[in-house]
Amino acid sequence: MVKTYDELKPETKRIIEEIRKIPYGQVSSYRDIAYRAGLINGARQVARALHGLSEAHQLPWWRVIRSDGNIALHEPERSEQIQRLKAEGVKLSERGRFVPGQKR
DNA sequence: TTCATGACCGTAG
DNA sequence: ACTACGGCCATGA
């Protein structure tokens, strides 16, 4: 059984809200989301939350990447994420790496 | 309760 | 740019 929004822990709700705020065509990192949600070292929590709740809560999970600019997912989800980002006009290098504009 | 695991992170070589 | 390593911490076995 999947939990409803109201059954989630407060921190998890904040994480979800922050992810929803990421604007179209832009990406954010697990770490940034954690900080904005008030969790100092909560990057792993963010990752876990996304892993389990992305589709159930309509989250733009593809806009969340690792703080070093790499995609965290393994194939085949990895390819899907790259495709979705591309569709929003996000730039990425050949090897599937993002943002060379700002490293970390 | 202990132990392993992971959609992570930062530093060092 | 890439790998290795230690640290981090919620989760589940």
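First the proteins, then the strands, lettered A, B, ... as listed; each starts at 1. Since the structure is predicted, the reported quantities are computational estimates derived from the model, not experimental observations. The basis for the numbers below is simple: all heavy atoms, side chains too, and nothing from hydrogens, waters or symmetry mates.
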Taken in chain and number order and not counting sequence neighbours, the residues that satisfy salt bridge (Lys or Arg N to Asp or Glu O under 4.0 Å) with A:Arg63 are A:Glu88
Nearest-angstrom distance from the residue atom CG of A:Asn70 to P of B:dG6:
18 Å
Send over the distance from A:Leu73 CG to B:dC8 C1', rounded to a whole Å.
13 Å
Would you say the side chain of A:Thr12 lies within less than 4.5 Å of the side chain of A:Gln45, judging by non-hydrogen atoms?
no
Rounded distance (Å) that lies between atom P of B:dA7 and atom CZ of A:Arg66:
11 Å
How many whole angstroms separate atom CG of A:Asp68 from atom P of B:dG10?
9 Å
Using atom NE2 of A:His51 as one end and atom P of B:dG6 as the other, report the distance to the nearest whole Å.
10 Å
Can you list the residues that meet the side-chain hydrogen bond (donor to acceptor under 3.5 Å, both in side chains) rule with A:Asn41, with sequence neighbours excluded?
none
For nucleotides 7-13 of chain C, read 5' to 3', which letter fits each nucleotide if B means a protein heavy atom sits under 4.0 Å from the base, S means only the sugar-phosphate is that close, and - means neither?
BBBBS--
Please report the distance, rounded to the nearest Å, between CD in A:Glu75 and P in B:dA7.
14 Å
side-chain contact (heavy atoms from CB on, under 4.5 Å) filter on A:Glu75, not counting sequence neighbours, yields A:Arg78, A:Ser79
With a 4.0 Å cutoff (strictly under), does any side-chain N or O of A:Ser29 reach OP1 or OP2 of B:dC8?
no
How many Å lie between CD1 on A:Ile71 and P on B:dC9, as a whole number?
12 Å
Sorted by first residue and then second, give each salt bridge (Lys or Arg N to Asp or Glu O under 4.0 Å) pair with at least one member in residues 15-28 of chain A; sequence neighbours left out.
A:Glu17-A:Arg20, A:Glu18-A:Lys21
For A:Arg66, check side-chain contact (heavy atoms from CB on, under 4.5 Å) against everything at least two apart and list the hits.
A:Tyr30, A:Asp68, A:Asn70, A:Ala72
Round to the nearest Å and state the distance from A:Ile40 atom CD1 to B:dC9 atom P.
14 Å
